[in-house]
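Some notes on the structure that comes next.
Atoms within each ligand, like the ligands themselves, are counted from 1 in listed order.
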Amino acid sequence: MLRESATFDRATIADIQRAAETGIYDIRGGGAKRRVPHFDDLLFLGASMSRYPLEGYRERCDTDVVLGDRNASYPLHLSTPVTIAGMSFGALSGRAKEALGRGASEVGTSTTTGDGGMTPEERGQSKHLVYQYLPSRYGMNPDHLRMADAIEIVLGQGAKPGGGGMLLGQKITERVAGMRTLPMGVDQRSACRHPDWTGPDDLEIKIRELREITDWEKPVYVKIGASRTYYDVKLAAKAGADVIVLDGMQGGTAATQDVFIEHVGIPTLAALPQAVQALQEEGLHRHVQLVVSGGIRNGADLAKCMALGADAVAIGTAALIALGDNAPHLDEEYRKLGSAAGFYDDWQAGRDPAGITTQDPELADRLDPVVGGRRLANFIRVMTMEAQVIARACGKAHLHSLEPEDLVALSIEAAAMARVPLAGTSWIPGQPL
Ligand SMILES: Cc1cc2nc3c(=O)[nH]c(=O)nc-3n(C[C@H](O)[C@H](O)[C@H](O)COP(=O)(O)O)c2cc1C
């Protein structure tokens with residue numbers, strides 16, 4: 001009998017062989033592929049006797065959320081707590097950015113720029129547009145700060161906390177190069193830290209500076225990759241953030257070293273309760289809103305994030321899939337690229353047959369932004385309705401009323417991380433009985 005080694009399994013052997021042949025490390029898009037404790041390891045306790053459920057078709061369950069009302073005169077009022085995560089123009093085509101804007105606006109939520117700046121396609125179609133202020137400053141334009149509805153200072157991403165972005169030369173076309181003031185066709189690495197500050201005191205100054213130049217109108221978000229979450233959230237909140245965006249290790253990226261994606265950062269499930277604790281201790285939970293991302297796929301994930309204390313979620317990978325990424329009808333083309341529909345993650349390569357993660361004009365033309373936007377809007381509607389189904393079953397008239405008491409965990413690891421009891425027990429590992 002042939003026995004596969006658990007240590008040197010097929011994928012490991014293939015990795016060693018690839019490294020030996022090429023002498024370069026693997027860069028890819030997407031998030032962590034290995035299994036880590038996640039929202040699937042939690043279950044809701046639907047109401048029966050001790051709690052009273054709400055009637056699905058007759059009783060309201062609201063979904064609206066306000067983001068950034070701590071200091072800004074114009075906080076964002078969203079109809080659903082599902083927002084679109086920051087994804088760069090460069091990683092994505094202009095038409096993909098337009099489709100994201102169309103879809104988000106149709107359902108009353110926000111979209112976010114990314115490394116490389118603001119495009120007219122996205123600004124034009126986005127009712128609520130968050131402008132990212134990144135370590136690289138690629139595409140940073142003070143006029144765009146003023147044209148945005150909120151500003152997101154990016155300190156890190158869940159896929160690569162401590163690391164900077166990458167955009168490979170094949171995606172650096174004349175337009176992308178122009179926006180980033182970089183040479184065409186040359187691999188670009190973004191900075192991993194901001195050039196003009198070294199710590200939380202400087203962040204506080206930067207937040208004030210951004211508020212001043214936008215007349216205290218716009219919420220200032222701070223985005224962190226999940227690692228030392230408890231301390232990072234405390235520092236960001238004390239520095240004056242109106243909203244904290246917390247991105248767990250399953251979070252997608254357009255292009256990063258595989259070793260980084262799989263081995264740096266902590267799971268979204270582990271990070272979220274730490275962030276909530278940090279805000280609660282500062283008396284800022286629900287005053288500084290918490291947006292959580294990293295592997296959010298459906299209404300159940302959304303409801304679980306809300307129950308654990310998030311105010312909203314952000315989706316990247318799921319939004320791209322909704323637009324048409326990895327579509328089954330493109331399977332043959334994905335196979336020609338050495339992948340398959342449902343597996344394609346070479347977003348760094350710029351050859352995406354779905355026309356989403358590309359700058360090739362012929363491929364990009366394949367995506368109809370109106371159709372893509374409609375698909376995304378449908379998907380967000382479904383996510384929202386799924387979360388409402390769960391909330392009503394738990395007797396909640398607003399998604400924000402979901403609470404940790406509505407949850408139990410299926411594994412000891414998930415119970416310890418989420419700080420909810422193991423199903424069928426009252427045991428929360430690490431807490432006194
Ligand atoms: C194609 C792509 C491009 C991205 N570009 C950026 C970026 O420019 N800035 C940033 O902060 N995060 C970027 N991200 C990360 C997302 O903002 C978000 O943190 C992540 O996608 C959330 O995880 P999910 O993909 O599992 O939903 C990107 C992600 C993807 C998939």
- Give yes or no for whether the N/O distance cutoff of 3.5 Å, strictly under, is met between T317 and ligand 1. yes

Side chain or backbone, does G252 bring an N or O within less than 3.5 Å of an N or O on ligand 1?
yes

Quick test of your reading of the model: are D242 and K218 salt-bridged, counting only N-O distances below 4.0 Å? no

Quick look: M87 vs ligand 1, heavy-atom contacts under 4.0 Å, and the answer is both

- Do K223 and ligand 1 have an N or O pair less than 3.5 Å apart? yes

| said: What I'd like to find out is whether the side chain of L422 reaches to under 4.5 Å of the side chain of I412, using heavy atoms alone. | reply: yes

Quiz item: Going by atom types only, do H400 and D62 share a side-chain donor-acceptor pair under 3.5 Å?
Solution: no

Within 4.0 Å of some non-hydrogen atom of W347, the atoms of ligand 1 are 31 (C)

Query raised in the report: Salt-bridged, D368 to R102, with N to O below 4.0 Å?
Result: no

Please check whether Q132 reaches ligand 1 - meaning an N/O of the residue sits under 3.5 Å from an N/O of the ligand, judged on distance alone. yes

Taking only non-hydrogen atoms of Q157 and a 4.0 Å limit, the atoms of ligand 1 in range are 9 (N), 10 (C), 11 (O), 12 (N), 13 (C), 14 (N), 15 (C)

For I315, the atoms of ligand 1 under 4.0 Å from one of its heavy atoms are 27 (O)

message = In this structure, does ligand 1 have an atom that sits under 4.0 Å from one of the heavy atoms of G295?
response = yes

In this structure, atom 14 (N) of ligand 1 is nearest to the protein heavy atom G86 O, 3.1 Å

The protein heavy atom nearest to atom 27 (O) of ligand 1 is G316 N, 2.8 Å

So is G294 close enough to ligand 1, meaning a heavy atom under 4.0 angstrom away?
yes

| Do T12 and D9 have side-chain atoms, one donor and one acceptor, less than 3.5 Å apart? | yes

(request) Decide if atom CZ of R34 counts as having more than 12 heavy atoms of other residues, nucleotides or ligands within a radius under 6.0 Å. (result) yes

for atom 19 (O) of ligand 1, nearest protein heavy atom and its distance come out as D247 OD2, 2.6 Å

Would you kindly say whether R375 and N378 are connected by a side-chain donor-acceptor distance under 3.5 Å? no

We want to know whether K160 and T256 form a side-chain donor-acceptor pair, criterion being a heavy-atom distance below 3.5 angstrom.
yes

Q125-E121 side chain donor-acceptor pair, cut-off 3.5 Å: no

TODO: Check whether any N or O atom of A85, backbone or side chain, sits under 3.5 Å from an N or O atom of ligand 1, and answer yes or no.
DONE: no

Worksheet entry | pair F39-L308: side-chain heavy atoms closer than 4.5 Å | yes

Under 4.0 Å from one or more heavy atoms of V154, ligand 1 contributes atoms 11 (O)

Restricting to heavy atoms, the pick from I84, D115, T113 nearest atom 8 (O) of ligand 1 would be D115

Contact region, T357 to ligand 1, non-hydrogen atoms below 4.0 Å, reads neither

- No-hydrogen, no-angle side-chain donor-acceptor test under 3.5 Å, Q170 and D360: no

Ligand 1 to A254, heavy atom cutoff 4.0 Å, flagged ligand atoms 1 (C), 2 (C), 3 (C), 30 (C)

Counting from 1 in the order shown, the ligand 1 atoms closer than 4.0 Å to a non-hydrogen atom of Q250 are 26 (O)

Checklist entry - Distance only, no hydrogens: is a donor on one side chain within 3.5 Å (strictly under) of an acceptor on the other, for Y133 and K206? => result yes

